[in-house]
Amino acid sequence: MGKPFSSELLELHNTLRWAVIQDVENLRKFLFSNFRKPLICVGSGGSFSACHLAAILYRDFCSMAIPFTPMELMEGHVSQKCKNKLLYISASGKNKDILNAYKKASFNADTEICNLSMCLKNPLQTISLENGSISCNYDLPTKKDGFLATNSLVAFFSILIKAFYGEFDAESLIISQVDVEHKAYQISPYADLGNIQHFTVLYGEIGEPIAYDIESKLSEAALGTVQLTDYRNFGHGRHHWFDKRGQNSCIVAIVTEYERKLAEKTIANMPNNIPVIYICTTFKNYLATLDLLIKSFYFVRDLGRVRGIDPGRPGVPDYGSKLYNLNYVSLLRDSLEKMSIKDIAVARKCHVDNIRQVSPDVVAFYNNHYRQFVDKLNTTIFSMIAFDYDGTLSKPDKKNRYLNRLDDDICFSIKALLEHNIKVAIVTGRGKSIIEILKNSLDISFYQNIVIGLYNGMLFYNLADIDKFENIEDAPLDNELQKLKSELDILNPYPLKKGIENRRDQLVIETDYSKEVYEICKEIIISNNLYNLNIWLSTHSMDVVVRPKVSKRNILEYHDGRVLCIGDCGMIEGNDFEMLSTSYSLSVDRVSRMPNACWNIAPEGVRGLNATLYYLKNLKLANGTFKCQFKI
């Protein structure tokens, strides 16, 4: 199993040259969009070292960041953690822990996720695309590492550094590495690698990822026991090891120019007979990290040689494979109290993972309203059902978003409604594209019972009368919208993907800086008294509309009977908020805090299109009407 460790080191220079020419734009956009939002970097094994580097770089450029193992992410208040940005780092994109952690986080609607891997067409990429997340996958020339992360780790470090710093000077690092095999590290006179069993690794900020990688490699290849500590925490008692248990122990000092004096003074205060191994760099910033990483590999190689163990293929016992493949999620789930649909729905209303995180009075309040709401649904006779489209009737990934027909499962369910003479409405932020999708999916005989609300409810048509479609893109722009647009052109420093699209009573804005542009628009509206305008956020764009001319809620005026409304963005700023603030409304994703509307009563982990299908399976259809049959 694995590859010879020494042979992997021979490829490091080629990996650096490969990394410097890779496109990192998608990763960079993810990291710097909503840059004030904290970042959690998730990885395990060797990739965890890259998580430490990503966290350090993000803290330097953007906001708070912390590395997590997959299990750390999945324990405790998951939904609170998932309000941060999540970066998943995995060389192969297929280990069970990272996949489980990704799936758990993807159930949370507000999560911004990106995965970074060194393998094309991997399982992590597949599920991230299905959830509409950013996926950055590279075809590493050296392919899979041996037992320990080597070329993939250098690639991760290089890609991350390029994403943050832009241009990446690999050649100066490569030139300095020509003789690195002979000067990768220095050993004090008392250090004998053959006799040392315990290593206390001292580091500063830039050296932290390397310290964690040394711990990972020495532990995984059974080369020694490791204690990690920064230089100052070492002074808070960590030094006692050498006084009480110091036999066959040494210090490994990771030294950059920044903490060189601190390192020298720290070691000078220790007894002279304590062995010290120095891994040093004269580079600064990001090149220092890469220089130290590569030098540490040679230390690991030499330690393996004196142990008679090849770190690239140390041999794994049978129980090691069993531990690696342990299905820990099911074991943890079995130990937890299962929540009922009601408890899950109430937790969603409170925007938490578990109702135990909420005061009993609040839980009791929402419990009472949940029963009233579900009872109201179950006792009402409906004659129309109104859907949002993106995220409700379509899967979230980019491929499915641009399909020109409905997904087979939802198409079958909608046909069943229409066959029972039940009216169906699609109320969406889209324009002409939804017409093509419906015509490609449904028979013309159904058109009379299909209503479409375009541009967030600016225009409503019966699909049978779609030849009357009004082209509003060339129509004069509303005066208040024109004022907002003019101000935004002056006051907004953030790039927009397609500029600003005019739609008479609506502006459509797409940007990777949605939070910042949203806030600027709100400030312009308030400071200029543009009180007829409102901003709605969807999964793909920001829409500024003139109310009440433009409202998804207007579907209620288009139909005399009871309408069940289903959408995915029911929070206060979401573009389904108005439609889902009606008395009979269900969300397949995000909810408002209103107790009498916009409940998400789908099972745990079921969201988006799958939640829509779940709701439709719980309808009892009759001729022209239907009733809900949800369990209270």
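Excluded from the calculations below are hydrogen atoms, water molecules and symmetry mates; all remaining heavy atoms, backbone and side chain alike, are included.
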- Kindly indicate, with the supporting measurements, whether the criterion salt bridge (charged side-chain N to carboxylate O under 4.0 Å, His left out) is fulfilled by R504 and D478. CA-CA 6 Å; R504 196 180 73 188; D478 173 86; over 6 Å; no

- Task: With side-chain contact (heavy atoms from CB on, under 4.5 Å) as the test, would you mind laying out the steps for S583 and N596 before giving the verdict?
- Result: CA-CA 7 Å; S583 297; N596 59 344; over 6 Å; no

- Message: Test side chain to side chain donor-acceptor pair (under 3.5 Å) on E578 and S551; report intermediate values, then the result.
- Response: CA-CA 7 Å; E578 289 185 308; S551 174; 2.8 Å; yes

- side chain to side chain donor-acceptor pair (under 3.5 Å) between N115 and S128, worked out: CA-CA 7 Å; N115 79 277; S128 66; 3.0 Å; yes

- Verdict with reasoning, D361 to S359, per side chain to side chain donor-acceptor pair (under 3.5 Å): CA-CA 5 Å; D361 289 344; S359 72; 5.5 Å; no

- Message: Set out, in order, the CA-CA distance, both residues' side-chain angles and the distance that settles side-chain contact (heavy atoms from CB on, under 4.5 Å) for V588 and I566, then state yes or no.
- Response: CA-CA 7 Å; V588 299; I566 301 177; 3.7 Å; yes

- Under the side chain to side chain donor-acceptor pair (under 3.5 Å) rule, what do Y615 and N600 come out as? Steps first, then yes or no, please. CA-CA 10 Å; Y615 292 150; N600 183 338; 3.2 Å; yes

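V563 places none of its side-chain heavy atoms less than 4.5 Å from the side chain of I385. The closest side-chain heavy-atom distance from L442 to C411 is below 4.5 Å. Annotation: side chain of D375 is in contact with side chain of T379 (closest heavy-atom distance under 4.5 Å). Looking at I535 and D543, their side chains never come closer than 4.5 Å, going by heavy atoms from C-beta outward. Contact check for N449 versus V424: no side-chain heavy atoms found under the 4.5 Å cut-off. Two residues are said to be in side-chain contact when any heavy atoms from C-beta on lie closer than 4.5 Å; F164 and L31 meet this criterion. The shortest distance between side-chain heavy atoms of M384 and I555 falls below 4.5 Å.
Sequence neighbours left out, the pairs with a member in residues 515-525 that pass salt bridge (charged side-chain N to carboxylate O under 4.0 Å, His left out) are R36-E519, K515-E519. The stretch residues 487-514 participates, sequence neighbours left out, in these ring pair (Phe, Tyr, Trp, His ring centres under 6.0 Å) pairs: Y494-Y513. For the ring pair (Phe, Tyr, Trp, His ring centres under 6.0 Å) condition, the pairs that include at least one residue of residues 548-579, sequence neighbours left out, are F460-Y558.
Not a single salt bridge (Lys or Arg N to Asp or Glu O under 4.0 Å) links R562 to another residue, sequence neighbours left out. Residues satisfying the ring pair (Phe, Tyr, Trp, His ring centres under 6.0 Å) criterion with Y366, sequence neighbours excluded, are absent altogether. Taking D388 as the reference, T392, K552 meet the side-chain hydrogen bond (donor to acceptor under 3.5 Å, both in side chains) condition, with sequence neighbours excluded. Residues forming a side chain to side chain contact (heavy atoms under 4.5 Å, CB included) with I344 (at least two apart in sequence, or on another chain): M339, R348, E604. For K85, the salt bridge (Lys or Arg N to Asp or Glu O under 4.0 Å) test picks out no residue, with sequence neighbours left out. Every residue two or more places apart in sequence or in another chain that forms a side chain to side chain contact (heavy atoms under 4.5 Å, CB included) with T582 is listed here: R553, L556, C565, S585. Qualifying side chain to side chain contact (heavy atoms under 4.5 Å, CB included) partners for K483, counting only residues two or more places apart in sequence or in other chains: E487, N528, L530. Every residue two or more places apart in sequence or in another chain that forms a side chain to side chain contact (heavy atoms under 4.5 Å, CB included) with N404 is listed here: E436, N440.
A 6.0 Å sphere centred on CG of D489 holds more than 12 heavy atoms belonging to other residues, nucleotides or ligands.
Looking only at atom types and distance, the side chain of K485 has a donor-acceptor partner in the side chain of N502 under 3.5 Å away.
A distance of 5.5 Å separates OH in Y447 from CG in L463, rounded to the nearest 0.5 Å. Atoms SG and CZ, from C598 and F373 in turn, are 8.0 Å apart once rounded to the nearest 0.5 Å. The CZ atom of R405 sits 10.5 Å away from the CD1 atom of I437 when rounded to the nearest 0.5 Å. If you take CD1 on I89 and OG on S117, they are separated by 10.5 Å, rounding to the nearest 0.5 Å. In this structure, the separation between CG on L537 and CG on D576 is 11.5 Å, given to the nearest 0.5 Å. Summarising the geometry, atom OG1 belonging to T428 is positioned 8.0 Å from atom CG belonging to L454; distances are rounded to the nearest 0.5 Å.
Between L609 and K395, the shortest heavy-atom distance links the atoms CD2-CG, 3.7 Å. Between G93 and P123, the shortest heavy-atom contact is O-CD, 3.4 Å. Nearest heavy-atom pair, G43 versus I98, reported as atom, atom and distance to 0.1 Å: CA-CD1, 4.0 Å. Heavy-atom minimum distance, D589 versus D568: CB-O, 3.3 Å. Across all non-hydrogen atoms, the minimal contact from C350 to V358 is CB-CG2, 3.7 Å. Considering all non-hydrogen atoms of both residues, I422 and S383 come closest at CG2-O, 3.9 Å.
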Show the atom names and distances, to 0.1 Å, of all donor-acceptor pairs under 3.5 Å that link a side chain in residues 617-632 to residues at least two apart or in another chain.
{"unit_1": "N618", "atom_1": "ND2", "unit_2": "Y614", "atom_2": "O", "d": "2.8"}

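Ring geometry, H369 versus F365: the interplanar angle falls from 30° to 60°, so the pair is classed tilted.
Using modelled atom types, no side-chain atom of K349 and backbone atom of P595 make a donor-acceptor pair closer than 3.5 Å. Checking side-chain atoms of R59 against main-chain N and O of M64 turns up no donor-acceptor pair under 3.5 Å.
A cation-pi arrangement, defined by a distance under 6.0 Å to the six-membered ring centre and an angle within 45 degrees of its axis, is absent between R28 and F30.
For an aromatic pair to be called close, the ring centres must be under 6.0 Å apart, and F382 with Y584 satisfies this.
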